[in-house]
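Reckoned from all heavy atoms, side chains included, excluding hydrogens, waters and symmetry mates. Here is how names work: the chains are called A, B, and so on, in the same order as the sequence lines, proteins then strands, and each is numbered from 1.
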Amino acid sequence: VITRAFLLRRFLQSVITILGLMTIIFIVFRVMPGDPLAIMVSEGRLDAQAQAQILAQFGLDQPLHVQYFLYLRNLLSGNLGRSFFFNRDVSEIITAGLVNTIVLVIPAMIAAIVCGVLIGALLGWRRGAKLEVTGVLLAMFVRSLPVFWLCILLLMIFTYGLGLTPSGGMFTPGYEAVGIKRFFSADFLQHLTLPFIASFLVYLPVPMLLMRNSMIEVKGEDFLELVKAKGATEPILIRHGLRNGLLPVVTYIAVMSTYIIEGNVLLEVVFSWPGMGRQLVDAVIRRDYPVAQAAFFVMGVLLVTVNFLTDILYCYLDPRVSYEDHR
Amino acid sequence: MASIVGTSGLAMISASHAAQTPGEVVPPLTVTFVNQPEWIEFWRSQVAPFREAGIELKLEPCEFGTCIEKMYDQKNYGNILSINWSGREERIDPHFFLYEMMHTSRIQGGGLNAEKYSNPEYDKLADEQAQEIDPKRRQELVWKLQEIIARDRPIYVLVFQDIINAYNSKNWTGVVPRTGAGIAGTSSAWTYLNIKPLTAQTELRVGWLDEPVTLNPVAHKGTVEHIAMLRFVYDTFVKLDPDLKVVPWAAESWNWVDNTTLDVTLRNGMKFHDGKPVTVGDVKFTFDYVKKWNFGIWKIVTDHVKSVEALDDRKVQFKLPAPFPPFLQNVLTYAVILPKHIWETVPQGVGVDVPDNWEPMELGIGSGFFKFGYWNRGQEVYLKANPDHWAAPNVGGVHFITVPSLEGLLGRLETGELDIVNHVINPLEVERLKKLGFIEAVRTPNHGFFMSNADLTIPPFDKTEFRAAVDHLFDRQLLLNDVFGGAGTLPRGGSPITPANEFWHNPNLTEVQFSVERARELLKEAGYTWDDQGRLHYPT
């Protein structure tokens, strides 16, 4: 049961968290060493007048507190500003990267969660069996592999060894990609295969191990004995246990959702995938405040929102969790 | 407080750093360098020889942008900086390295004289060569400048690293190497014009690390390669041929009326990609337009062009503010012809505040041998061949594909997904790639270089004797052999002009040998001493 007061309080907390986050982001980018101008002009070099002109164009000639309020106002009104580096609207840049990341990360994440939960539940149920020992060992092994190494290994086998998949990118050069249809083309799916397998393997172990652990706990509880006494078969028992053991996995999904924004930088570099992760790193290296700020901001808002939703989702998954005011 | 310290005819403005007390220990030297693997490897190996000479090093790698800011904007980088200079087209003429990096006027602001070298004798000769039209007399001046550098050692040029590019030789033929650009660098158009397919695959696929920031030819961003690539779409007036000679391009011929007046005749029958003819009106418009907006990236042009007037329907006259001998190879290889009918509406007609902020995309119309095809951001830029151009390429088009790691680039060359890699590769990689049987590598000299320089206003580098001794501590051979796999040329007498640049390089200079003993000898001669712990002390 959720009361309105709880919802309001939780919502206000989220808003305060986001405001705090915005302030921290602002400060961090101003105290970081390096000057965006230095990158902009790199080897070209500009004279003082041209530099001042560019600073004024981006409002960087204003005192810091003025910049701060401008920044708050713009972000809150959804105006993410213009990239110093690309001179394009930040929202345009971020959207492009976000879409590219989403088409890779979301399918891989869903597949990893579904498989992870099912396999994990089975492993937990069969505690002590050979299957469980092998499964846990494999999960630990995959989990401890460095991401870039895993990616390169996959490339070695499937691309350079067997010649089955292209070595990177989203499309074959020359493929004129437009519209949503491009994500359903054979060319795209071919390019998606390896990064998808890699992301799937990276995402799989944690939900799987979490599910296994909570299944072991749930297995000993009384309600299951009751279900068993009613004469339920093993698959039905596992299903009952699964629903009750799902809570830790749901918490983890909230954490996992930030992958959508941060993508997987190393994976994106190895597979030359033009996603959000690479954009974020490049933006920080280039001191492109507006892009980096916006990326962190979107990531933060997403995390806070997902956490908020998770709290609510809890009571539906487990009726024992209640947010009634006890005062 | 400014004081003048005279050292063998060298006057120097000393900064507020207190001069050292005689006899004191030479403090550890702070070395700031770009955190590239080459520099990290090099400086780690330099700690030992410096220590043998009694000098401790404090290594401070920094990220490129931060480095540039410390080195050239603030000029506050500790004692020594290390950076590399790419072999851009306008750097083939000796003016850039001799003037921009060592003239007193370039200490201020964002100038490139990071060592703060200031020598009136040098400045005078540097000014003279900048105005000397006669090549033979200018060569004399340039040689003299290099003699002064060999004497004063204001900078330490370390290695001119060769450019090694690899391509698929089974499917393609006709690559053209050029100094500073290799076979793949876009600052040389010749490979892109000359290369021929040996199979049915006529689309050339070139891989590089970074994608362009913009395809706007007046915007102030972009790396050398991207800016040069735009010269495929927009015609320049002249080009440098594979032997670095100026050859006609959009300009069919030219004639110096006097030291500051140049008449240029345009090639007949040139057309923009939308079918409109190229006229003297477009040429005049282009120069008036860049003058009016004063684009930072066109500074080399606006600095050296006072005005442009049409003389008849094929002839234009350039007026220079002062004589500038490398005008053709530095200015007219860079300036392009913009179509007036498109750019006269920029910025107001296209909804931007200043022309720099415009992204032309399909309106990226020039008269060049390639046309804009499309730009899949983060993935590739496609240029389509312009079959109507008088120098039309043999390929159907060229894909510039972004692959964010060198391993990825080479991997795609191996799988046949790329035809040329536009990035320097190590000779060790070349051996491996050659075994595949369809990849060939081409090695080209480079006039760009890896260098270090010290802040000459801070002791101990304020003394020529000290600088000369330290020059022997730089293990250039190690940088060349161990880091670059032997692919490169060592400098002579510290000159920033590569020996491969035969006309301008002073042939009387010799290589500075790596020798800790020699360095110690020179230091001893200059009165430096060592204590029990082997630490170097200033002369008493």
Which one wins on heavy-atom pair count under 4.5 Å against chain A: [options]?
options	result
B:Glu380, B:Lys70, B:Arg205	B:Glu380
B:Cys67, B:Cys62, B:Pro404	B:Pro404
B:Arg377, B:Glu414, B:His399	B:Arg377

Counting only heavy atoms not in B:Lys291, do more than 12 sit closer than 6.0 Å to its NZ atom?
yes
Over 12 foreign heavy atoms within 6.0 Å of CZ, A:Arg143
no
Residue pair [X] / [Y]: nearest heavy atoms and the distance that separates them:
X	Y	value
A:Ser272	B:Val403	OG-CG1, 3.8 Å
A:Pro173	B:Ile401	CG-CD1, 3.2 Å
B:Gly378	A:Pro274	O-CB, 3.7 Å

How would you list, in number order, the residues of residues 146-166 of chain A that have a heavy atom less than 4.5 Å from chain B?
A:Thr159, A:Tyr160, A:Pro166
With rounding to the nearest 0.5 angstrom, report the [atom1] to [atom2] distance, [X] to [Y].
X	Y	atom1	atom2	value
B:Asn376	A:Met170	CG	CE	9.0 Å
A:Ser167	B:Leu410	OG	CG	11.0 Å
A:Thr172	B:Gln379	OG1	CD	10.5 Å

What residues form a side chain to side chain contact (heavy atoms under 4.5 Å, CB included) with A:Gln67, not counting sequence neighbours?
A:Phe26, A:Arg30, A:Leu60, A:Gln62, A:Leu64
Check whether B:Glu417 gets within reach of chain A through its side chain, its backbone, both or neither, counting any heavy atom under 4.5 Å.
side chain
Any sub-3.5 Å donor-acceptor pair from B:Arg412's side-chain atoms to A:Gly168's backbone N or O?
yes
